[in-house]
Participant: 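Here's a structure for you.
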Amino acid sequence: MIYILTGAIRSGKTTALLNWSKNRSNVDGVLCPDDANGKRYFLKLKSKTIFKLEAEAETEAIVAIGNFKFLRSAFNEANDYLILEASKTKPKYLIIDEIGKLELKNEGLHVSTKALISQFKSKDNTRLILVVRDYLLDAVLEHYGITECSILNTEDLKILF
């Protein structure tokens, strides 16, 4: 089953998922919160491991979108982690935060998103939660060929058990 958590930019999607998942043992995946300085990082939910996402120097291998420069290595690590965790631990919920402009250009978290969407389409006991900005929802559905899913907002997380 596929769920898509959608909302406007900076509307609290990641924070809502952090709060919803913090006392659950059946949730894994990666979230992309901001640190105290406003820099984005990846958080592996189950292990609470964090790793840097935003590049600090032009010399690093980067993926750029708008004013943001992200580490290509961070996306590689996140993609590998998501695919590996989905294959071995079978959490009830697996979260990918977030699917956006990079993924629509087959970059960022595209590799894991594409692989996991096809894997989770046919599973009833596990759920994939994709975080998507509201204005990109239709483009993401089309890009990944998602025809069956439940669209959620942050308030709807209460219905997931």
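Excluded from the calculations below are hydrogen atoms, water molecules and symmetry mates; all remaining heavy atoms, backbone and side chain alike, are included.
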Participant: Would you say the rings of Phe42 and Phe75 are close, in the sense that their centroids are separated by under 6.0 Å?
Facilitator: yes
Participant: Roughly how far, to the nearest 0.5 Å, is CG of Asp97 from CG of Leu130?
Facilitator: 10.0 Å
Participant: Can you see which heavy atom on Thr6 is nearest to which on Val132, and at what distance?
Facilitator: OG1-O, 2.9 Å
Participant: Rounded to the nearest 0.5 Å, how far does CD1 of Ile96 lie from OG1 of Thr113?
Facilitator: 4.0 Å
Participant: Please name the pair of heavy atoms, one in Ile151 and one in Asp156, separated by the smallest distance, quoted to 0.1 Å.
Facilitator: O-OD2, 4.1 Å
Participant: Would you indicate whether the side-chain heavy atoms of Leu71 and Leu53 approach each other to under 4.5 Å?
Facilitator: no
Participant: Distance from Thr14 atom OG1 to Ile95 atom CD1, nearest 0.5 Å?
Facilitator: 9.5 Å
Participant: Can any side-chain N or O of Glu107 pair as donor or acceptor with the backbone N or O of Leu102 at less than 3.5 Å?
Facilitator: no
Participant: So which heavy atom on Leu5 is nearest to which on Thr154, and how close?
Facilitator: CD1-N, 3.6 Å
Participant: With hydrophobic residues grouped by side-chain heavy-atom distances under 4.5 Å, do Ile99 and Val111 end up in a single group?
Facilitator: no
Participant: Does a side-chain N-to-carboxylate-O contact under 4.0 Å join Arg133 and Glu98?
Facilitator: yes
Participant: Working to the nearest 0.5 angstrom, can you tell me the gap between Leu141 CG and Leu137 CG?
Facilitator: 4.5 Å
Participant: If two hydrophobic side chains count as joined below 4.5 Å and joins carry through other members, does Leu82 share a cluster with Ile4?
Facilitator: yes
Participant: Cut-off 3.5 Å, side chains only: do His110 and Asn79 have a donor facing an acceptor?
Facilitator: no
Participant: Between Ser11 and Ala8 (side chain of the first, backbone of the second, donor and acceptor by atom type, cut-off under 3.5 Å), is there such a pair?
Facilitator: yes
Participant: Looking at Asn19 and Ala16, would you say the former's side chain and the latter's main chain have a donor-acceptor pair under 3.5 Å?
Facilitator: no
Participant: Do Asp34 and Tyr41 have side-chain N/O donor and acceptor atoms under 3.5 Å apart?
Facilitator: no
Participant: Considering all heavy atoms of both residues, which atom of Tyr93 and which atom of Ile129 are nearest to each other, and what is their separation?
Facilitator: CD2-CD1, 3.8 Å
Participant: With a 4.0 Å cut-off, would you call Glu77 and Lys44 a salt bridge?
Facilitator: yes
Participant: Say you draw a straight line from CG of Asn37 to CD of Glu54; how long is it, rounded to the nearest 0.5 Å?
Facilitator: 10.5 Å
Participant: Please report the shortest heavy-atom distance between Phe51 and Ala74, naming the atom on each side.
Facilitator: CE1-O, 3.4 Å
Participant: With rounding to the nearest 0.5 Å, note down the distance linking CG in Leu157 to OH in Tyr3.
Facilitator: 10.5 Å
Participant: Does any N or O in the side chain of Asn153 come within less than 3.5 Å of the main-chain N or O of Glu155, such that one atom is a donor and the other an acceptor?
Facilitator: yes
Participant: Within 45° of the ring axis of Phe68 and under 6.0 Å from its six-membered ring centre, is that where the NZ or CZ of Arg40 lies?
Facilitator: yes
Participant: Indicate if Met1 and Leu17 have the same hydrophobic cluster label, given that clusters are the connected sets of ILVMFWY residues with side-chain heavy-atom separations under 4.5 angstrom.
Facilitator: yes
Participant: Would you say that Trp20 contacts Lys158 through its side chain, given a criterion of any heavy-atom pair below 4.5 Å between the two side chains?
Facilitator: no
Participant: Considering non-hydrogen atoms only, spot the tightest contact between Gly100 and Leu136 and give its length.
Facilitator: CA-CD1, 3.7 Å
